[in-house]
Amino acid sequence: KHNTGKNKVIIIAHSMGGIVARSYIQDDVLYRNDVDKFVMLGTPNHGSPNAYYQWEGADLAGAVNPNFNGWSGILGIVLEKSVANRLVKVATHFLEISSVNYVHSFFPSIQELLPTFDYLKDQFSFLRSVSSMVWQNPSLPDLNSRSNISRLISPVKTKIFAGEGYPTLETIKVLYPNPGNLLSNP
């Protein structure tokens with residue numbers, strides 16, 4: 001607003017940026033009625049199963065999707081996965097904490113990307129209820145509640161664009177759960 005001299009702005013947000021913008025627009029205390037239009041591009045409004053890999057396993061690159069953007073996409077993802085996971089290993093070595101504790105401490109926003117829908121299958125292919133999981137998304141259920149979603153639609157012209165033609169990860173099958181992990185017991 002300061003740079004344009006306008007009273008209202010247009011927000012174009014991608015991925016988690018859409019969730020951050022929604023949090024602002026839907027906040028009764030912080031929102032200043034200063035957003036005219038809001039565009040979300042590929043925003044995981046109900047979370048993303050890929051966040052499970054990052055939150056529960058400290059795998060910062062998540063699952064590699066071989067259908068994503070051809071061979072150059074695969075190479076980029078593999079390189080990103082390799083570099084991100086090496087950074088976690090180096091940091092956890094010097095900080096003397098587990099990689100999962102490192103992710104929970106330094107990347108807490110990953111938890112806000114956990115799905116709000118049932119997405120985890122056990123070794124018998126039974127779908128686990130999100131409500132039974134130890135770690136759940138602390139913000140999206142509230143943002144998506146009927147009373148809260150009306151604050152997003154009413155004052156702001158909102159458009160949502162989602163990807164088409166690329167498969168979306170809907171479930172994760174855990175074949176050999178760690179017995180020490182609370183998620184391993186139904």
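- Listed for the Arg128 side chain is no donor-acceptor partner under 3.5 Å among the backbone atoms of Phe126.
- Atoms CD and CH2, on Glu56 and Trp135 in that order, are 8.0 Å from each other to the nearest 0.5 Å.
- Contact record, Thr116 with Leu140: CG2-CB, 3.6 Å, taken as the closest heavy-atom pair.
- Taken to the nearest 0.5 Å, the CD atom of Gln26 stands 10.5 Å off from the CD1 atom of Ile19.
- Criterion: ILVMFWY side-chain heavy atoms under 4.5 Å apart, direct or through other members. Under it, Leu143 and Ile110 are not part of a common hydrophobic cluster.
- Rounding to the nearest 0.5 angstrom, the gap separating the OH atom in Tyr52 from the CE atom in Met133 is 7.5 Å.
- Between Val100 and Val103 the shortest side-chain heavy-atom distance does not fall below 4.5 Å.
- Scanning both residues, Asp118 and Ser129, for their nearest heavy atoms gives OD1-CA, 3.3 Å.
- Annotation: the span from Asp142 atom CG to Asn148 atom CG amounts to 5.0 Å, rounded to 0.5 Å.
- A heavy-atom distance below 4.5 Å is not found between the side chains of His46 and Pro115.
- Between atom CE of residue Met16 and atom OG of residue Ser48 there is a gap of 11.5 Å, rounded to the nearest 0.5 Å.
- Within 6.0 Å of the CG atom in Leu127, the count of heavy atoms belonging to other residues, nucleotides or ligands exceeds 12.
- Residue Gln136 comes nearest to Ser131 through the heavy atom pair NE2-O, 3.2 Å, listed as atom of the first residue, atom of the second, then distance.
- Taken from CG in Leu113 to CG in Asn50, the straight-line distance is 10.0 Å, to the nearest 0.5 Å.
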Side chains of residues 33-45: which donor-acceptor pairs under 3.5 Å do they make with residues two or more places apart or in other chains?
{"residue": "Asn33", "atom": "OD1", "partner": "Lys8", "partner atom": "NZ", "Å": "3.4"}
{"residue": "Asp34", "atom": "OD1", "partner": "Tyr24", "partner atom": "OH", "Å": "2.7"}
{"residue": "Asp34", "atom": "OD2", "partner": "Lys1", "partner atom": "NZ", "Å": "3.4"}
{"residue": "Asp34", "atom": "OD2", "partner": "Tyr24", "partner atom": "OH", "Å": "3.0"}
{"residue": "Asp36", "atom": "OD1", "partner": "Lys157", "partner atom": "NZ", "Å": "3.2"}
{"residue": "Thr43", "atom": "OG1", "partner": "Ser15", "partner atom": "O", "Å": "3.3"}
{"residue": "Asn45", "atom": "OD1", "partner": "Arg22", "partner atom": "NH1", "Å": "2.8"}

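- In this structure, the side chain of Ser105 does not engage the main chain of Tyr102 through any donor-acceptor pair within 3.5 Å.
- Across every non-hydrogen atom of Ala21 and Ile11, the tightest pair is CB-CG2, 4.0 Å.
- Ser139 pairs by the side-chain hydrogen bond (donor to acceptor under 3.5 Å, both in side chains) definition with Asn137, not counting sequence neighbours.
- Using the six-membered ring where Trp is involved, His104 and Trp55 have ring planes that are parallel, under 30° apart on the 30 and 60° scheme.
- At a threshold of 4.5 Å between non-hydrogen side-chain atoms, the residues Leu114 and Tyr119 count as touching.
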